[in-house]
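Here is the structure we will look at, set down as structure tokens.
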Amino acid sequence: MPDTKDNAGRIEEGAALKPRFGSLQPKDFIRAIVCADLEANKNNGRVMTRFPPEPNGYLHIGHAKSICLNFGIAAEVEGGKCNLRFDDTNPAKEDVEYVEAIKADVRWLGFDWENRLYYASDYFDQLYRYAVELIKMEKAYVCSLSADEIREYRGTLTEPGRESPYRNRPIVENLELLEGMKAGKFEEGAHVLRAKIDMASPNLNMRDPVIYRIRKAAHHRTGARWCIYPMYDFAHALSDSIEGITHSICTLEFEDHRPLYDWFLDRLNVPCHPQQIEFARLNLSYTVMSKRKLLELVKEGRVKGWDDPRMPTLVGLRRRGYTPESIRNFSERIGVAKRDSLVDVALLEHSVREDLNLRAPRVMAVLNPVRVVLVNYPEDRVEEIEAVNNPEDFNAGTRKVPFSRVLYIERDDFREHPPKKFFRLSPGSEVRLRYAYIIKCVGVVKDEKTGEITELHCTYDPSTTGGSTPDGRSVKGTLHWVSAAHAVEAEVRLYDRLFLVPDPNDETDGRGFMDYLNPDSLKILTACRVEPGLADATPGSLYQFERHGYFSVDPDSAQGKPVFNRTVGLRDSWAKIEKAQKAGGAV
RNA sequence: UGGGGCGUCGUCAAGCGGUAAGACACAGGUCUUUGGAACCUGCAUUCGGAGGUUCGAAUCCUCCCGCCCCAGCCA
């Protein structure tokens, strides 16, 4: 792990004497600002951003948007840099478990902070010195009001606040008190350090905000060395400055904090004054994004953990089968702006399909098997059928798949009474088995009691090797299949959206997001049959099950007993037709 | 009834005084041994509303309407 103590992003002298543009384009309002700054030679042509997560939870797709923005901009500018900085100012909520997970996620997404891994806690000494400076300037004071009293004194949205009776404590007394706080002489809540700004400000953030509070909790990095911790507004602005950040990009809810951000930097003798720019956070339809809600899903057991494939967390998406490329493309497509929006998950799904279409090897898997006996095929004959691994990529080559007299096909691919436009298998109809032969259904065997179809009898046409039709007859349907004697049994987990409504965050009718959970967000199929080549598929690898969708091999897989997660289904135009037929009555 | 933001196609989103990009979705079609993919076509006479300025406005001005955020010793 790189040492971060001595190289905390010092502003390199003479780092850039002329603007460096790199590939940066003004695609969005933030890049437009950066471009303009570069042209004006602001910051000496230097561009430095940062991604500042608090290590109190797992990263989700919303963070990915921010990561792609911050690391993206830095990468697009010649000499641009993006730091990874943990905003670890609240030991009660934070944990090393999260810092490690976050680092892994950022790396997985494809970004590199090189040796610039920082922690706000690296700056605690410096931050403390800044606080002392503020006191000496009479711009900060130790307030001994209780938390409740402070709230009361703060006023409301429409009424100004009142000044704390401790507001005009002498400098020496403030200094002594702060020293005492730092030394652990007081209990939590006894005192806080506040900035002395304006209790009548219409911006509540400016009503003498707390900048240090006593917290006697062990910090995951500094241990018990400190018992006072700086608040976000103070720590963040100054950390940005210490690292020489030029553009401090954050989400909209911090817009009201910008005057405070600037206030600290304008008063203190700091290395530089970064520009804070706010953009709208990502909202995705049919999902929730707040850490609180995600945590609740995990704690209440509604999902199996942070990496449950239904979670919008990066670990969840990864396990589901999403690739870093697809997430980066998605981030690019959604754009960056300031208006609140709800992005359609379909766009995310499109992004994976697009990526996986090009790279996922194709394979045959029967999810809901029904037996097919080729009555005119020799009993013990086994053919090795050649199949293309990826029609989008001829370099992917071919493979052999065993074919024999008894096969499995998808139960859905047979209809005893086929609806209009159904060109799969039905009594008397012909259909092609992918890469193999054309078969015709000549008999249906049912369970006497339940009426369930247990077996289909078909004949195969030996002249149609490889699925060709030498006589030129056209066979519309092509089915995937698997040889019963050779297939491997597999578990397949079919995921669907976690929520039933586009915006589960909407509480206007008194319901909460938990009320909108989709009871069918996970369907586990245990009797699936896949090609023998998949017996020992490597966890994490990705496949396309032909005619079904994209699947990732789950870590729960065991030798000879693979488990697959459906990443996303293929577009299914038959499903659309069928739905339309049902909706429009007959035909 | 305080302050800060935002309102352009179903969903994102360009546009920055010269006459509405693109993507997803959707609808048709071509092709096809994945009803996949690919490809083609269609999809806002109109930019929250009303006035005004201008030869000309989504872009400028005025008023109005709607939505989001802020009263943690959270970030």
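Every chain is numbered from 1, with letters handed out A, B, ... down the list of sequences.
- Each of A:Arg424, A:Arg432, A:Arg434 was compared with A:Asp413 under the salt bridge (charged side-chain N to carboxylate O under 4.0 Å, His left out) criterion, and only A:Arg424 meets it.
- Taking a cutoff of 4.0 Å between a charged side-chain nitrogen and a carboxylate oxygen, A:Glu296 and A:Arg292 qualify as a salt bridge.
- Relative orientation of the A:Tyr261 and A:His236 rings is tilted, given thresholds of 30° and 60° on the angle between their planes.
- For the pair A:Arg339 and B:G7, the criterion of a side-chain N or O lying under 4.0 Å from OP1 or OP2 is met.
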Item to complete: If a protein heavy atom is under 4.0 Å from the base, mark B; if only from the sugar-phosphate, S; if neither, -; do that for nucleotides 68-75 of chain B going 5' to 3'.
Response: SBBBSBSB
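- Ion pairing of A:Arg258 with A:Asp262 is absent here, as no side-chain N (NZ or NE/NH1/NH2) approaches a carboxylate O to less than 4.0 Å.
- In this structure, A:Tyr229 reaches neither bases nor backbone, as no heavy-atom distance under 4.0 Å exists between it and the strands shown.
- Side chains of A:Glu97 and A:Tyr58: a donor-acceptor N/O pair is present below 3.5 angstrom, by distance only.
- With a 6.0 Å radius and a threshold of 12 heavy atoms from other residues, nucleotides or ligands, A:Lys440 has its NZ atom at or below the threshold.
- The number of heavy-atom neighbours closer than 6.0 Å to NZ of A:Lys476, taken from other residues, nucleotides and ligands shown, is 12 or below.
- Base contact: A:Phe422 has a heavy atom under 4.0 Å from a base atom.
- Within 4.0 Å (heavy atoms only), A:Val475 reaches no atom of the nucleic acid at all.
- A perpendicular orientation is assigned to the rings of A:Tyr128 and A:Tyr212, their planes being inclined by more than 60° (bins at 30° and 60°).
- Residues A:Phe51 and A:Asn83 fail the side-chain proximity criterion, which asks for heavy atoms closer than 4.5 Å.
- Distances shorter than 4.0 Å separate some side-chain N or O of A:His350 from OP1 or OP2 on B:C24.
- For the pair A:Arg547 and A:Gly335, nearest-nucleotide mapping onto RNA chain B gives the more 5' position to A:Gly335.
- With respect to the salt-bridge test (charged N to carboxylate O, under 4.0 angstrom), the residues A:Glu410 and A:Arg547 do not qualify.
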Practice prompt. Decide yes or no on side-chain contact (heavy atoms from CB on, under 4.5 Å) for A:Asp88 and A:Asn56, but give the supporting numbers first.
Written response: CA-CA 9 Å; A:Asp88 55 350; A:Asn56 69 343; over 6 Å; no
All N/O contacts under 3.5 Å from nucleotides 37-43 of chain B to the protein, with atom names and distances to one decimal?
unit_1 : atom_1 : unit_2   : atom_2 : d
B:A37  : OP1    : A:Arg571 : NH1    : 3.3
B:A37  : O2'    : A:Asn357 : ND2    : 2.9
B:A37  : O2'    : A:Glu392 : OE2    : 3.0

Taking only nitrogen or oxygen atoms into account, show me every contact under 3.5 Å that the protein makes with nucleotides 27-32 of chain B, one pair per line with its distance.
none

